[in-house]
Amino acid sequence: MELSKKLILLLSIFYIFFCTRVDSRAHYHKKKPPANPSIALPPAPAPVPLTKLGVHSVMSFGAVGDGVSDDTEAFKSAWDSACEEEEPGVIVAPRGYSFKIRSIIFAGPCRNGLVLQVDGTIMAPDGPDEWPQHYSRRQWLVFYRANGLALQGGGLIDGKGHKWWNLPCKPHRGKNHTTMPGPCDSPVVFRFFMSSNIKVHGIRVRNSPQFHFRFDNCRNVTVDSVSIRSPALSPNTDGIHVENSVDVNLRNSVISSGDDCVSIGAGSSNIHIRNITCGPSHGISIGSLGKQSSRACVRNITVKDCVIKHSDNGLRIKTWQGGSGSVSSVSFVNVLMEAVRNPIIINQYYCLGGGACRNQTSAVFVSDVAYEGIKGSYDSRSPAVHFGCSDAVPCTNITLAEVELLPAQGEIIADPFCWNVYGVSRTLTIPPVACLLRGVPRSTMDIESSGCY
């Protein structure tokens with residue numbers, strides 16, 4: 001009996017010890033999480049697609065980037081995808097690739113601001129023959145209602161303009177700068193239309209068929225640290241054109257082109273240009289304004305701390321006969337000229353086509369224009385100062401101070417030209433500008449009534 005009890009006790013101890021160990025091991029293994037194939041990483045992990053990080057690489061949307069294939073749809077798909085996101089998106093054209101794209105409209109408004117980061121090269125079709133039929137020939141890359149867009153990066157935008165510049169219609173193809181028959185539409189590289197809060201930074205643009213940048217009906221625009229380059233004889237290749245736009249800042253950039261570095265059209269106000277190196281070019285211009293008897297209003301323009309070199313014009317205001325409206329509150333401050341023809345010029349007899357334009361009894365009213373600290377050298381084929389104002393509508397309140405302009409070659413200083421211009425030199429100037437009319441014209445009240453206020 002005693003032996004039986006001992007045997008039962010030993011069996012109980014054996015069962016408790018070994019069965020508990022097995023159960024414990026089983027319980028421990030139940031705690032270990034099972035493998036989940038959906039989150040397991042492969043031995044050599046692939047990069048996470050950029051679209052999952054809020055960054056939309058055009059490569060993820062089918063772009064090839066070999067400079068031959070058509071990558072238009074990839075750019076459009078990347079834009080549409082980023083535009084629909086609730087958070088700000090980034091579209092990337094990566095370094096080391098060349099993307100050929102057709103004329104395209106990037107349309108907004110988007111849910112949030114976008115960044116278009118161009119680190120590679122974007123190329124246009126190579127000339128008119130390669131431009132797709134039934135596509136607009138007036139514009140290439142269009143941003144419509146693209147509010148809050150930042151266009152940036154160190155990449156290159158190549159407009160492939162050479163074949164466009166040689167169309168028969170271009171001014172240099174005919175005699176005496178006249179044009180010849182034939183189609184003439186040529187695309188603008190960047191056109192921003194009805195957009196606000198735009199920032200352009202660091203982009204390089206070259207060889208545009210026509211304007212490099214054009215801002216129409218835009219508000220609150222900043223262009224900073226861009227490089228624009230086209231040959232001096234490339235026709236109508238303005239660097240930046242602004243029209244019907246408000247609160248535009250252009251700064252810290254280098255522009256050389258076959259036309260104006262910056263041109264300011266009708267309906268523009270609060271345009272501030274600073275630290276621009278310009279040339280070769282046709283200078284920095286307000287206008288042309290008043291063509292075909294149109295009304296033009298431009299006000300509150302400042303050009304400051306700029307360099308203009310080897311250009312046909314420096315600081316220019318140009319209007320057609322027969323227009324109406326006004327240019328007012330303009331300041332040109334601290335601008336250095338290097339061998340510039342017409343460094344200071346107001347031309348109210350602007351006329352193209354090689355013939356004389358008929359003198360008319362109305363013109364855009366130019367007033368309150370100040371030139372201060374305009375120094376350097378000029379091309380002596382033209383006078384350093386040229387004020388050619390309308391017979392019917394004189395320029396008023398034109399002021400000069402600290403103007404020192406000497407001929408780039410030779411020692412003969414040409415006399416300034418003045419016609420129907422009222423103003424004053426506040427300091428001694430070189431050359432002396434003694435041809436300004438004093439006071440105000442008798443018809444000032446009638447003139448001012450036709451201005452823009």
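The OG1 atom of T121 sits 8.0 Å away from the CD1 atom of I157 when rounded to the nearest 0.5 Å. In this structure, NE2 in H212 is found 10.5 Å from CG in D259, a value given to the nearest 0.5 Å. In this structure, CG in L149 is found 8.0 Å from CD1 in I91, a value given to the nearest 0.5 Å. Separation of atoms CD (Q117) and NE2 (H201) is listed at 10.5 Å; rounding is to 0.5 Å. The CD1 atom of I198 sits 13.5 Å away from the CG atom of N249 when rounded to the nearest 0.5 Å. Rounded to the nearest 0.5 Å, atoms CG (L336) and CD (E404) are 11.5 Å apart.
More than 12 heavy atoms of other shown residues, nucleotides or ligands fall within 6.0 angstrom of atom CZ in R137. Counting heavy atoms of neighbouring residues, nucleotides and ligands inside a 6.0 Å radius, atom CZ of R229 does not exceed 12 of them. Other residues, nucleotides and ligands place more than 12 heavy atoms under 6.0 Å from the CG atom of L156. Atom CZ of R111 is surrounded by more than 12 heavy atoms from other residues, nucleotides or ligands within 6.0 Å.
Between P343 and A384, the shortest heavy-atom contact is CG-O, 3.2 Å. For the residue pair C306 and N275, the shortest heavy atom distance occurs at SG-N, 3.8 Å.
Between the side chain of W131 and the backbone N or O of S136, at least one donor-acceptor pair lies under 3.5 Å. With hydrogens and angles disregarded, a donor-acceptor distance shorter than 3.5 Å links the side chain of S253 to the backbone of R251. One N or O on the side chain of Q321 and one on the backbone of Q360 form a donor-acceptor pair closer than 3.5 Å. Side-chain atoms of S81 never come within 3.5 Å of backbone atoms of A78 as a donor-acceptor pair (strictly under, hydrogens ignored). S245 places a side-chain N or O within donor-acceptor distance of the main-chain N or O of E243, the cut-off being under 3.5 Å. Between the T429 side chain and the V403 main chain, no donor and acceptor come within less than 3.5 Å of each other.
At least one side-chain heavy atom of T277 sits less than 4.5 Å from a side-chain heavy atom of K309. Contact check for V333 versus D305: no side-chain heavy atoms found under the 4.5 Å cut-off. Within the 4.5 Å cutoff, side-chain heavy atoms of I255 are placed close to those of I276. Put simply, the side chain of L436 reaches to within 4.5 Å of the side chain of S425, judged on heavy atoms. With contacts defined as side-chain heavy-atom distances shorter than 4.5 Å, the pair R299/S326 does not qualify. The closest side-chain heavy-atom distance from I122 to W140 is below 4.5 Å. E85 has its side chain out of reach of N112: every pair of non-hydrogen atoms, C-beta onward, lies at least 4.5 Å apart. Residues V433 and C435 have side chains in contact (heavy-atom distance under 4.5 Å, counting atoms from C-beta outward).
For the two cysteine residues C389 and C395, the thiol sulfurs sit under 2.5 Å apart.
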Please walk me through it: do L289 and Y350 pass side chain to side chain contact (heavy atoms under 4.5 Å, CB included)?
CA-CA 9 Å; L289 305 174; Y350 187 70; over 6 Å; no
Can you list the steps and then say if D224 with T222 is a side-chain hydrogen bond (donor to acceptor under 3.5 Å, both in side chains)?
CA-CA 6 Å; D224 195 337; T222 298; over 6 Å; no
Residues W165, N236; criterion side-chain hydrogen bond (donor to acceptor under 3.5 Å, both in side chains); working and verdict
CA-CA 9 Å; W165 303 332; N236 305 119; over 6 Å; no
Give the intermediate values and the outcome of side chain to side chain contact (heavy atoms under 4.5 Å, CB included) for residues D391 and Q348.
CA-CA 9 Å; D391 288 338; Q348 294 210 268; over 6 Å; no
Evaluate side chain to side chain contact (heavy atoms under 4.5 Å, CB included) for V226 paired with V200, printing each intermediate quantity in order.
CA-CA 8 Å; V226 303; V200 181; 3.9 Å; yes
Run the numbers on I101 and L141 for side chain to side chain contact (heavy atoms under 4.5 Å, CB included), then give the verdict.
CA-CA 9 Å; I101 62 178; L141 306 174; 3.5 Å; yes
Which is it for R102 and E73 under the salt bridge (charged side-chain N to carboxylate O under 4.0 Å, His left out) test, yes or no, and what are the steps along the way?
CA-CA 9 Å; R102 305 185 308 270; E73 291 305 317; 3.7 Å; yes
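Checking each of S263, S208, S281 against D238 for a side chain to side chain donor-acceptor pair (under 3.5 Å) leaves exactly one that passes, namely S263. Test I271, V330, I286 against V298 for side chain to side chain contact (heavy atoms under 4.5 Å, CB included) and you get one pass: I286.
Ring geometry for F106 versus F143: interplanar angle under 30°, hence parallel rather than tilted (30 to 60°). Ring geometry, F215 versus F213: the interplanar angle falls under 30°, so the pair is classed parallel (tilted spans 30 to 60°).
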Show every donor-acceptor pair shorter than 3.5 Å between a side-chain atom in residues 186-197 and any protein atom, with sequence neighbours excluded, or say none if there are none.
from: S186; atom 1: OG; to: K170; atom 2: NZ; distance (Å): 2.9
from: S186; atom 1: OG; to: C184; atom 2: O; distance (Å): 3.2
from: R191; atom 1: NE; to: D216; atom 2: OD2; distance (Å): 2.9
from: R191; atom 1: NH1; to: Q139; atom 2: OE1; distance (Å): 3.1
from: R191; atom 1: NH2; to: D216; atom 2: OD2; distance (Å): 3.4
from: S195; atom 1: OG; to: R145; atom 2: N; distance (Å): 3.2
from: S195; atom 1: OG; to: A146; atom 2: N; distance (Å): 3.0
from: S195; atom 1: OG; to: F193; atom 2: O; distance (Å): 3.1
from: S196; atom 1: OG; to: N147; atom 2: OD1; distance (Å): 3.2
from: N197; atom 1: OD1; to: N220; atom 2: ND2; distance (Å): 2.5

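Between the side chains of R316 and S285, at least one donor N or O sits under 3.5 Å from an acceptor N or O.
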